[in-house]
Structure formats: structure tokens, C-alpha cells
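Hydrogens, waters and symmetry mates are skipped; everything else that's a heavy atom, side chains included, is used. Chain letters run A, B, ... following the sequence lines, proteins first, then strands; residues in each count from 1.
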Amino acid sequence: MFQIQIPSLRPMTTAHLAQTMTLLSMTSVELAQKIEAELANNPALELVEERRCPSCGRVLRDPGPCPICSRPHGDSSSPIVFVSARSDFYQPGAGPMSGHGQDLVPDEYMSASEDLPTYILRQIAPELQPTERNIAAHILTSLNEDGLLSIPIEEISHYQHVPAERVIEVVRLIQRADPLGCGSENVQQALLAQIEILSETRPVPELARAAIEQGFKHLSRRQYSELANILQISRSEAEGIAQFISDNLYPFPARAHWGDIRHGEESAPAVYHQPDIVISRLKSQTGSPLVVEILMPLYGTLQVNPAFQKEISRIHDELKEKWKLSLEQANLLIKCIQQRNNIVQRLLEYLAIHQRDFILNGDQYLKPLTRAQVAETLEVHESTISRAVSSKTAQLPSGRIVPLEMFFDRSLHIRATLRSIIAQENRALTDTQLANLLAKQGYPIARRTVAKYRAMEGILPANLRRTTPA
DNA sequence: CTATGGCACGGATT
DNA sequence: AATCCGTGCCATAG
């Protein structure tokens, strides 16, 4: 049914099991580091160059043509999913992204995190025209530590010999990428960009935008009475709006952490992770298969050095013992890595099928799912799934990067419909009314719970809410 | 009196 | 065993 070949598994020893577990809870980048370390101190291991697809640069694990490039377009009768591994950034139709001057995309991964420019570039790469790549690179390298543009747009447009409008177009793209609002010229612009994007997916107080545009000075100085005057609203409403802004927007985009657009955990350093998994569509067409790629940031495949294995029979004594040990370790590591990848692959295969609607159409379509259920169908222990799920992130076709845990979020779909109800409301509905409406849509939840969901989504209570006119 | 947020309890999940 | 989550009860604000 699927085109995925699962390597046959060998019985596991306890050491095997323990190590697989450790590897399973690592992100792909951590794993790469681990492998590098092993390579350095175990002579029995070697990294061999693998075959890559000449047109898309993907790693080809099985003989034959690239499963993606060779696929006739729109082959919708084929399986919903197939999995392939890749080791570098993917840019549809354009080959490896080595392009221009600035080393935005290094040839080798050097550390566990990538910097902000790289992180953003990867998100927007699919939407960039080839000629826009230089512009994007120029903008991204000109960001200051807050994520704001440190040079005027004119300078870029002049230097790149393109009209300013082109530059602005690219800036727009960058603003929409994950730390929302990066690439803006100043704090005010950044906030406006964020509110713009935010309002597409969730309700936003009507006057929030006006507050930033007209009352920016007062807003930043917390002069709420003056702000209220300008906007012709009461002071408490002004405070509500200020609250919304400080809860949901980031004046300095680069300081925001990815993921939860909420305040609170300000502990996260400005480190951006690359996803461990990338899910995309083979072709943007309904019924088109999903492409699930499990990232492995290492060039080459790990194997036991054949020369080493050969030599070992000729060696004697104490040295032989040492070598034997190395060899065993090498074998074990390789097996464990296979095991890890196998589990991650099966997990994603399940998720891609079971949560296809969510992947393609968004939060509302997430089906309730527990790790235990997955564990049962995949016939592995619950804790195995737990480990595989935690600490990994996936990039969805929309470009959003989400933790895999989100696939198991019990209330995400309800929160999403709650958002849409509030987005469409004419007058601000109270929590009790919202609870009733949700019940009609098949989500019987308590009033108290509505309040909690609201808080989670950063939506103000009814009395401080002004409905956005549709 | 109504609408909300805080605290804490119990059941489910990990 | 530890954690998460939905909910009920109660205090508080308007």
C-alpha cells in the first residue's frame, strides 16, 4: 500500500534498546552532532558519499530514479504519502541553494542552530523568484539583532539595481515568515505587519491597528488616557487594546521565540531550529500525494569501514580486543540509527495519513489523537512514540513550523473553531454564549473551558473586545 | 446580578 | 509516578 520499505528488524539487545531510545529523542541536528563525534573517535565507522538526485539534490537511498522528480505530475492514484530523506535545503525546481555571495546557507551544518537569516530564508525560499534571491539575502543580512532592517530600503534597491517596489515585495514575504515582522524598518512597521498577518487567522481588536498607527507614541509610553482620547474610546478599552498588543505582538521580532505567540516563557534565547521533518505537496492540487521528508543534516551514509573489518582478522592480542570493541560499537550505532529512522518514518506515515486534513487545511481539521493510539497501531511501546514526538518539529506545506506534539493537541481544533466564531461575531459574545455555540457545533465544553481557550489564543474577554467589521 | 479569572481537584495521558 | 487538562467553586470587578 505504501511505497515505503521498512528495513527488516533484528532482535534487540538491551544495549540496543537503550541506545535507540536515546537516539529517538534527539532532533536531527543533535543526531548529526552525535554521529560526528562518533566518527571522530571510532575508526570502525566511516561516512560514504551517497547518491543524490541531480535535479533536486535529495538523497537517494534506493537504487533507481528519484522518487519525487521522476514522478509524473498529479499522479493522484498513488499513495497518499511517501517518505524520502534529504540532507540539505530544498528549493523546488532550483537545485541546491548555494546561489550568491553571502554564506546564508552553509555547505555543511556547523551547529545545532541556524541563524535568523538562514531560518527565514528557508521558509520563504519556495516563493522567491530566482532574481529575488539576492534581494532577500541582502535584506536578511542587513537585519539588526532585533530583526529590524538596519539600512534604508533605498540603499538595497540602489545596490541591487532594482526598483524599490521589488525590494518591498520581498520584505513583505520576510515579514510573513516565522518571527513575524522581521525586515520591517522600525518598531511601528513591525507591529503593523504582525497585526496584518494576525488578523488573517484570528480576531483582532478593531482599534489595535489604529492605536499603533495614530497613538504609537502614547502606546509605547503607556499613556492610556491620551491614547483613549485619540481613539475616542474609554480608558479601559484603551488598556485592553494595549494589553492585546503586548500579549500578542513583538516590537522586536527577532527576540520572539518561534511557536507559541504568547507571552510568558521569555526564557528562550534567540535560537531558531530547523525542522526535523518537512511535509510538502508533490503538486498543489487536491488529491496530490504528500511528500514527507525526514531531514538528516549529514552528507553521506554511515557504514562500517570495510577495510577495518578486513584488517581485524589479521591483528592479534590486546589490539584485537580493542578493535573488536570499536567494531561492535559501530555496528550497534548503525543499527540504532536505522531503528530510530524507521520509527520516525512509520510515525510520520501514520500522521500524514491520519491528519492529512490538518496538514493541508489547518488547525480546525486536527483530529483528536493520542500517542497511545499510535503506539497501538504501530505496535511499539507508548514511550517510544513519546520520545519520537517530543523535541521534534515539522514544517507543514504552509511553511509553518510546528512541534510534532501539536499533532496530539487535544483541543486545537476546538480552539480553532472558537477563533473562527469570534472572527465572525457581530457583537462581542460572552463566554457562556460561546460555549453554547460551540456545543451546537459538536463541542460540548464548559464555560470555564471557553475562557481558558480564549486565553490560550490571546483573545480578550468580551467586555474588552471590539468586533472587527468583516 | 453577570462575566471572568484564580485555585484546586480528579481523571486521563504520558 | 508525573504531568496535563477540563471543570467546578468562589472571589472579584463592573
Side-chain angles (χ1 to χ4, degrees), chain A residues 17-18 20-27 203 205 224-225 228 233-244 246-248 259-260 262-265 267 340 343-344 346-348 350-351 354-355 363 366-394 402-419 421-422 425-467:
Chain A
L17 196 79
T20 307
M21 287 304 159
T22 324
L23 295 182
L24 202 54
S25 46
M26 294 171 114
T27 67
Y224 299 127
S225 308
I233 55 177
S234 76
R235 188 195 158 98
S236 67
E237 283 173 322
E239 281 175 17
I241 285 170
Q243 185 68 39
F244 173 87
S246 76
D247 279 358
N248 294 286
D260 290 12
R262 268 159 257 148
H263 70 309
E265 60 264 35
S267 53
R340 170 195 190 271
I343 290 178
V344 174
R346 285 166 62 201
L347 169 66
L348 261 108
Y350 183 95
L351 289 180
H354 197 84
Q355 301 285 29
D363 293 356
L366 185 76
K367 297 188 185 85
L369 179 68
T370 67
R371 294 156 228 254
Q373 285 172 45
V374 180
E376 197 185 342
T377 41
L378 295 190
E379 297 180 301
V380 292
H381 196 279
E382 292 174 17
S383 66
T384 311
I385 298 294
S386 268
R387 288 170 200 273
V389 164
S390 64
S391 77
K392 284 191 195 56
T393 55
V402 303
L404 270 196
E405 280 157 343
M406 185 173 284
F407 284 80
F408 298 90
D409 192 310
R410 278 188 256 167
S411 57
L412 189 70
H413 56 136
I414 310 185
R415 297 205 304 273
T417 47
L418 177 66
R419 278 207 302 268
I421 290 178
I422 293 179
E425 73 187 0
N426 289 321
R427 68 210 143 76
L429 299 165
T430 70
D431 287 348
T432 321
Q433 293 169 315
L434 289 170
N436 288 335
L437 283 173
L438 280 170
K440 274 184 197 155
Q441 303 210 11
Y443 302 124
I445 54 170
R447 177 237 110 212
R448 190 63 192 79
T449 311
V450 174
K452 283 226 162 157
Y453 288 174
R454 236 186 349 86
M456 281 191 203
E457 298 299 324
I459 301 171
L460 289 171
N463 53 10
L464 294 178
R465 211 161 60 220
R466 286 284 184 101
T467 316

Student: Determine: side-chain N/O of A/Arg448 to OP1/OP2 of C/dG8, distance under 4.0 Å, yes or no.
Tutor: no

Student: Under 4.0 Å between a side-chain N or O of A/Tyr453 and OP1 or OP2 of C/dC5?
Tutor: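 Answer no for this pair, as no side-chain N or O of A/Tyr453 is under 4.0 Å from OP1 or OP2.
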
Student: Please test A/Ile343 against A/Leu378 for side-chain contact (heavy atoms from CB on, under 4.5 Å), starting from the C-alpha separation and ending with a verdict.
Tutor: CA-CA 9 Å; A/Ile343 290 178; A/Leu378 295 190; 6.0 Å; no

Student: If you look at every strand shown and take non-hydrogen atoms under 4.0 Å, does A/Ser390 touch a base, only sugar-phosphate, or nothing?
Tutor: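 If one applies the 4.0 Å heavy-atom cut-off, A/Ser390 turns out to touch nothing in the nucleic acid.
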
Student: If you check the A/Ser386 side chain, which of B/dT14, B/dG5, B/dT13 turns out closest?
Tutor: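 Of the options given, the side chain of A/Ser386 lies nearest B/dT14.
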
Student: Looking at side-chain heavy atoms only, is the closest gap between A/Val374 and A/Arg371 below 4.5 Å?
Tutor: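 Sidechains of A/Arg371 and A/Val374: no contact.
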
Student: Of A/Thr432 and A/Arg410, whose nearest nucleotide on DNA chain B comes first from the 5' end?
Tutor: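 First, find each residue's nearest nucleotide; the 5'-ward one identifies A/Thr432.
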
Student: Atom NZ of A/Lys452 to atom P of B/dG6: distance rounded to whole Å?
Tutor: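 In whole Å, B/dG6 P and A/Lys452 NZ are 9 Å from each other.
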
Student: Does A/Thr449 place a side-chain N or O at less than 4.0 Å from the phosphate oxygens OP1/OP2 of C/dT7?
Tutor: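 Result: yes.
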
Student: By the 4.0 Å heavy-atom rule, please label A/Arg387 as base, sugar-phosphate, or nothing.
Tutor: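 The answer is nothing, as A/Arg387 stays clear of every strand by at least 4.0 Å.
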
Student: NE2/A/His354 to CD/A/Gln373 distance, rounded to the nearest 0.5 angstrom?
Tutor: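 So the gap between those two atoms works out to 6.0 Å.
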
Student: Nearest whole Å is fine: how far is B/dT14 P from A/Phe408 CZ?
Tutor: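 Taking CZ of A/Phe408 and P of B/dT14, I get 8 Å after rounding.
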
Student: Out of curiosity, A/Thr20 OG1 to A/Arg387 CZ, how far, rounded to the nearest 0.5 Å?
Tutor: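 The CZ atom of A/Arg387 is 10.5 Å from OG1 of A/Thr20, to the nearest 0.5 Å.
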
Student: From C/dG6, B/dG5, B/dT13, pick the nucleotide closest to the side chain of A/Thr370?
Tutor: B/dT13

Student: Can you measure A/Leu434 atom CG to B/dT4 atom P for me and round it to whole angstrom units?
Tutor: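 From A/Leu434 CG to B/dT4 P: 8 Å.
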
Student: Side chain of A/Ala446 only, please: which of B/dT4, B/dT14, C/dT7 is the nearest?
Tutor: C/dT7

Student: Please state how far atom CD in A/Gln373 lies from atom P in B/dT13, giving the value in whole angstrom units.
Tutor: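 Rounded to whole Å, this separation is 9 Å.
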
Student: Assess whether side-chain contact (heavy atoms from CB on, under 4.5 Å) is satisfied between A/Leu351 and A/Phe408, documenting all intermediate values.
Tutor: CA-CA 10 Å; A/Leu351 289 180; A/Phe408 298 90; 4.1 Å; yes

Student: Specify the separation, in whole Å, of atom CD of A/Glu405 and atom P of C/dC5.
Tutor: 10 Å

Student: How many Å lie between CE on A/Met456 and P on B/dG6, as a whole number?
Tutor: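 Distance check: A/Met456 CE to B/dG6 P gives 13 Å.
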
Student: Please state how far atom CD1 in A/Ile445 lies from atom P in C/dG6, giving the value in whole angstrom units.
Tutor: 8 Å

Student: Please give, in whole Å, the distance from B/dA3 C1' to A/Leu460 CG?
Tutor: 14 Å

